[in-house]
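Here the structure is laid out as structure tokens; the discussion comes afterwards.
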Amino acid sequence: MPAFPHSTTPTVTAVTVPPALRVPVIETDFTRRLHPYWPRLQENTRSWLLEKRLMPADKVEEYADGLCYTDLMAGYYLGAPDEVLQAIADYSAWFFVWDDRHDRDIVHRRPAAWRRLTHRLHTALDAPEDHLHHPDPLVAGFADSVGRLYSFLGPSWNARFARHFRAVIEAYDREFDNRTTGTVPTVEEYLELRRLTFAHWIWTDLLEPVAGHELPDFVRKDPAYRRAALLSQEFAAWYNDLCSLPKEIAGDEVHNLGISLIHHEGLTLEEAVGEVRRRVGECVSEFLVAEEEMLRFADRLADGTVPGRELSAVVKDIAMNMRNWFSTVYWFHHESGRYMVDSWDDRSTPPYVNNEATGDR
């Protein structure tokens, strides 16, 4: 089936989804679109990765476009001003590189280097402008992208973003310890941790600068809003687990819903895949119900006042982008070289990472 049946680009790409990974309702009922800025977004983020030294030049040349990081963001945050989408895409590319550093620091047993990095990221959240020229490219790149994100809404949104990202850093620390000790979390422990390492609330927070409006607490905390937001992110995290299971088993990972089910629930690999598929499918069907509840909530916000009508429109735009997350995540996993394990020379070592093992930096 075409990955872009309604693409904004002139080229239609045929992508074959393996039967075990197919979610037919996503292919039929969740239209995939791309932000019209996408071609420039891809070019600019590729240049940004080079400028910030986040990937070696040869890796950028050979792999950056095929990793499809910009496609993922351009399919999610529709309606974003170009400069907002660019900042989000650069931050997202940084996040993937940071995730790879986490993995390599574990593989090469560099706990001191990892602890230093996490400390520097916490510090950069407070004052990104002071870290733009940090010698560690991951710190400097983080400071650059976060500083740009901080420029769009205001202090209260910035403080919330920082609070949510601190929780992500701490969750990555817990993953580091688990992998170092070979500890497989229980299913419930894993689900709680996954909501943080997948950065559920970060990607949801970013819907607000896309819409150009910081949402009041009573909207963000409304059960209809939170349930739709959570389900969109849960789908993404669990579908990622389904698609990345071969890669993560090959890399001696302990963090995957399938791995927790096998280790703690006694399921076979085939049974674990079936259970993750079931949960993925439930996320989709439950989101369709939650989406309707969120749209009814948005209608109630239109109370006859100008602010009420504006807020209602913003919430409806955000609901649309939550829906977009399903299709963009789904196709990303079948287009990105990040998950094409069978094409790697070493199934445990992604070819796009800097796999040097020079010790603590």
Side-chain angles (χ1 to χ4, degrees), residues 41 45 48 52 54 69-70 72-74 76-99 102 117-132 134 138-174 192-222 225-226 228-230 232-234 236-237 311 314-315 317-319 321-322 324-325:
L41 185 74
T45 295
W48 186 79
K52 299 301 177 185
L54 288 165
Y69 296 159
T70 55
L72 181 64
M73 296 297 106
Y76 184 20
Y77 295 108
L78 295 186
D82 292 353
E83 66 273 16
V84 173
L85 186 60
Q86 188 67 64
I88 292 173
D90 292 348
Y91 167 77
S92 171
W94 174 88
F95 202 113
F96 280 111
V97 175
W98 179 55
D99 184 74
H102 177 258
L117 175 58
T118 59
H119 173 74
R120 289 164 177 167
L121 296 180
H122 276 295
T123 304
L125 273 170
D126 292 328
E129 66 280 1
D130 294 341
H131 296 78
L132 295 173
H134 195 281
L138 265 175
V139 178
F142 179 70
D144 178 82
S145 61
V146 168
R148 287 150 63 201
L149 294 175
Y150 280 179
S151 71
F152 298 127
L153 290 180
S156 60
W157 185 91
N158 297 350
R160 175 167 27 111
F161 178 94
R163 184 172 68 252
H164 285 162
F165 195 76
R166 290 191 199 285
V168 172
I169 296 171
E170 290 161 4
Y172 264 73
D173 274 342
R174 295 204 295 278
E192 181 181 353
L193 185 63
R194 185 62 163 146
R195 291 179 183 121
L196 296 172
T197 57
F198 199 82
H200 282 23
W201 300 114
I202 291 288
W203 306 119
T204 303
D205 288 338
L206 289 168
L207 290 165
E208 295 172 56
V210 167
H213 194 109
E214 181 178 356
L215 294 176
D217 283 353
F218 82 89
V219 171
R220 290 189 301 101
K221 294 180 180 180
D222 184 88
Y225 184 93
R226 287 187 67 82
L230 180 62
S232 73
Q233 296 297 322
E234 297 279 54
L311 184 57
V314 165
V315 172
D317 285 344
I318 288 175
N321 278 335
M322 289 179 184
N324 289 337
W325 192 225

task = Look at the side chain of Tyr76 and the backbone N and O of Leu207, then say whether any donor-acceptor pair between them is shorter than 3.5 Å.
result = no

message = Are Arg163 and Arg166 packed together at the side-chain level, in the sense that at least one heavy-atom pair is separated by less than 4.5 angstrom?
response = no

request  = For Ala143 and Pro128, work out which heavy atoms get closest and say how close.
outcome  = CB-O, 3.2 Å

request  = Quick one: sort the Phe95 and Tyr172 rings into parallel, tilted or perpendicular, breaks at 30° and 60°.
outcome  = perpendicular

request  = May I ask you to decide if the ring planes of Phe142 and Tyr91 are parallel, tilted or perpendicular, using 30° and 60° as cut-offs?
outcome  = tilted

message = Within the structure provided, determine whether Val210 and Asp317 are in side-chain contact (heavy-atom separation under 4.5 Å).
response = no

key: pair Tyr225-Thr204: side-chain heavy atoms closer than 4.5 Å   = yes

key: Spacing of CD belonging to Glu170 relative to CG belonging to Leu193, to within rounding of 0.5 Å   = 11.5 Å

message = Under a 3.5 Å distance rule, please check whether Asp90 uses its side chain to pair with a backbone N or O of Ser145 as donor and acceptor.
response = no

key: Rounded distance (nearest 0.5 Å) linking atom CG of Leu196 with atom CD1 of Ile169   = 12.0 Å

key: Residue pair Ser232 / Ala229: nearest heavy atoms and the distance that separates them   = OG-O, 2.8 Å

key: Non-hydrogen atoms of Asn158 and Leu149 that approach each other most closely   = OD1-O, 4.3 Å

inquiry  = Rounded at 0.5 Å granularity, tell me how far CE in Met73 sits from OG1 in Thr70.
reply    = 9.5 Å

inquiry  = Please check: side-chain N/O of Asp144 versus main-chain N/O of Leu132, any donor-acceptor pairing under 3.5 Å?
reply    = no

message = Measuring only between side-chain heavy atoms, which start at C-beta, is Val314 closer than 4.5 Å to Glu208?
response = no

task = Check for a donor-acceptor pair, side chain of Trp203 on one end and backbone N or O of Phe198 on the other, with a separation under 3.5 Å.
result = yes

task = Search all heavy atoms of Leu153 against all heavy atoms of Gly212 and return the closest pair with its distance.
result = CD2-C, 4.2 Å

key: Test item: Pro216 and Leu311 side chains (from C-beta on) under 4.5 Å apart, heavy atoms   = yes

remark   = From the list Arg195, His164, Glu234, side chain to side chain donor-acceptor pair (under 3.5 Å) partner of His200 resolves to Glu234

ask   = Between Gln86 and Arg148, is any pair of side-chain heavy atoms under 4.5 Å apart?
value = yes

query = Between the main-chain N or O of Asp205 and the side-chain N or O of Trp157, is there a donor-acceptor pair closer than 3.5 Å?
reply = yes

message = Quick check on His122: does its NE2 atom have over 12 non-hydrogen neighbours (other residues, nucleotides or ligands) under 6.0 Å away?
response = yes

Arg220 side, atom CZ; Arg226 side, atom CZ - distance, nearest 0.5 Å = 8.0 Å

query = At what distance, to the nearest 0.5 angstrom, does CG of Leu41 lie from CG of Leu85?
reply = 4.5 Å

Residue pair Trp201, Arg160: steps toward the side-chain contact (heavy atoms from CB on, under 4.5 Å) verdict = CA-CA 10 Å; Trp201 300 114; Arg160 175 167 27 111; over 6 Å; no

key: Spacing of OH belonging to Tyr77 relative to CG belonging to Leu72, to within rounding of 0.5 Å   = 8.5 Å

query = Under 4.5 Å between any side-chain heavy atoms of Trp98 and Leu54, yes or no?
reply = no

key: Ion pair Glu192/Arg174, N-O distance below 4.0 Å   = no

